[in-house]
Chemist: 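To start, I am sharing the structure in question, which I have written as structure tokens.
Letters A, B, ... mirror the listed sequences (proteins, then strands); counts begin at 1.
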Amino acid sequence: MRIATWNVNSLNVRLPHLEAFLRDQSPDVVCLQETKCEESKFPGAEIEAMGYRWVHNGQKTYNGVAILAKAGCGNVGSGIPEFADEQSRVIAGDVGDVRIVCVYVPNGQSVGSDKYEYKLRWLTALRAWLAAELVAHPKMAVLGDYNIAPEARDVHDPLAWEGRVLFSEPERAALKGLIATGFVDAFRLFEQPEKSFTWWDYRLNAFKRKMGLRIDHVLLSTALAKACTACTIDTGPRGLERPSDHAPVLCELSL
DNA sequence: ATGGTTGTCCTACAA
């Protein structure tokens, strides 16, 4: 089974890129973030024509998450239970015997801001929920835009980014704490190229200058990690005309 | 240089 995650930064704008990605990579499951549309504007017919069934937790203008799956998914839930959130940032469902959780972690804006505090509270709630979910679903994959670079090697200029949002110590500690409840970062199970990133700012020609961060992740429960044979970043879509600012991450599971 | 670009929606705001 091949699973993937991609922050598309508007699903309707990125539909041609998504179509090419699905054709080129043929993933069984794709988690999307920042669909930026409510249900009435979700391009469901187009996605079904590409051979995928879908579930979506959307909202107007901001956020929005979806899971596309060739085989469809059941037992679908939206949001973090017991965490009231007006923002559409989580959707989960079963594909076969694997629990798929699609997350769009808050950006946090800047360290010390209200949005930063919200990000940390959100991550605390996510951790508590997922720790409990692991008991019921030993085979679990949590994919998405975490808006956190875990280590210095995940940042093009770690000295410049140290202490800033996306790479501050409290954010990294929160991600580390989440992982410590029973996950592994699939990307780091394997040898990877230097300067492996998943997001590059639209400004200052950041992609061409390799000025990126690795903030999109595939976390696998320890039971599921045993089945993981590869994890890669597909930088192709980031180089296209009018791209998302994020690249997709792909993960291969021998299931 | 505290800069710059994109998406949504039409004016700022979020990223």
Chemist: Within this structure, what is the OH-to-P distance between Tyr62(A) and dA14(B), rounded to whole angstrom?
Modeler: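 Taking atom P of dA14(B) as the reference, OH of Tyr62(A) is at 6 Å.
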Chemist: Measure from OH on Tyr202(A) to C1' on dG4(B) and round the result to the nearest Å.
Modeler: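 In whole Å, dG4(B) C1' lies 14 Å from Tyr202(A) OH.
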Chemist: What integer number of Å spans the P atoms of dC13(B) and dG3(B)?
Modeler: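 It comes out at 16 Å once rounded to the nearest Å.
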Chemist: Please confirm whether the backbone N or O of Gln25(A) pairs with a side-chain atom of Arg2(A), one donor and one acceptor, at under 3.5 Å?
Modeler: yes
Chemist: Sticking with atom P, work out how far dG4(B) lies from dT8(B), rounded to a whole angstrom.
Modeler: 22 Å
Chemist: Send over the distance from Arg164(A) CZ to dA15(B) P, rounded to a whole Å.
Modeler: 16 Å
Chemist: Look at the side chain of Gln192(A) and the backbone N and O of Cys231(A), then say whether any donor-acceptor pair between them is shorter than 3.5 Å.
Modeler: yes
Chemist: Measuring to OP1 and OP2 of dT6(B), would you say a side-chain N or O of Ser10(A) lies under 4.0 angstrom away?
Modeler: no
Chemist: Looking only at the side chain of Leu204(A) (C-beta and beyond, no hydrogens), which of the listed nucleotides dA15(B), dG7(B), dG4(B) gets closest?
Modeler: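 My answer, after comparing the listed nucleotides, is dG4(B).
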Chemist: Send over the distance from Arg203(A) CZ to dT5(B) P, rounded to a whole Å.
Modeler: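 Spelled out: CZ on Arg203(A) to P on dT5(B) is 9 Å.
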Chemist: Tell me whether the side-chain N/O atoms of Arg14(A) come closer than 4.0 Å to OP1 or OP2 in dG7(B).
Modeler: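 Yes, within the criterion.
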Chemist: Taking only side-chain N and O atoms of Arg242(A), does any of them lie within less than 4.0 angstrom of OP1 or OP2 on dG7(B)?
Modeler: yes
Chemist: Of Gly108(A) and Leu11(A), whose nearest nucleotide on DNA chain B comes first from the 5' end?
Modeler: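 Comparing both residues, the 5'-ward one is Leu11(A).
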Chemist: Please tell me if Lys60(A) has a side-chain N or O lying less than 4.0 Å from either OP1 or OP2 of dT8(B).
Modeler: no
Chemist: Rounding to an integer number of Å, can you tell me how far Glu38(A) CD sits from dG7(B) P?
Modeler: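 These atoms are roughly 19 Å apart.
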Chemist: Only one of Asp216(A), Asp234(A), Thr235(A) clears side chain to side chain donor-acceptor pair (under 3.5 Å) with Thr198(A); which?
Modeler: Asp216(A)
Chemist: Tell me the interatomic distance from Asn7(A), atom CG, to dA15(B), atom P, rounded to whole angstroms.
Modeler: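 Distance, rounded to whole Å: 11 Å.
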Chemist: Could you tell me if the ring centre of Phe207(A) sits under 6.0 Å from that of Trp200(A)?
Modeler: yes
Chemist: Would you classify Phe207(A) as touching base, sugar-phosphate or nothing, given that sugar-phosphate means primed atoms plus P, OP1 and OP2, and contacts are heavy atoms under 4.0 Å?
Modeler: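 Nothing, no heavy atom under 4.0 Å.
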Chemist: If I take atom CG in residue Asn9(A) and atom P in nucleotide dA15(B), what distance separates them, rounded to the nearest angstrom?
Modeler: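 It is 11 Å, rounded to the nearest whole Å.
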Chemist: Are Phe21(A) and Trp6(A) close enough that their ring centres sit under 6.0 Å apart?
Modeler: yes
Chemist: Nearest whole Å is fine: how far is dG7(B) P from Tyr104(A) OH?
Modeler: 14 Å
Chemist: Pro106(A) or Lys36(A): which one's nearest nucleotide on DNA chain B is closer to the 5' end?
Modeler: Lys36(A)
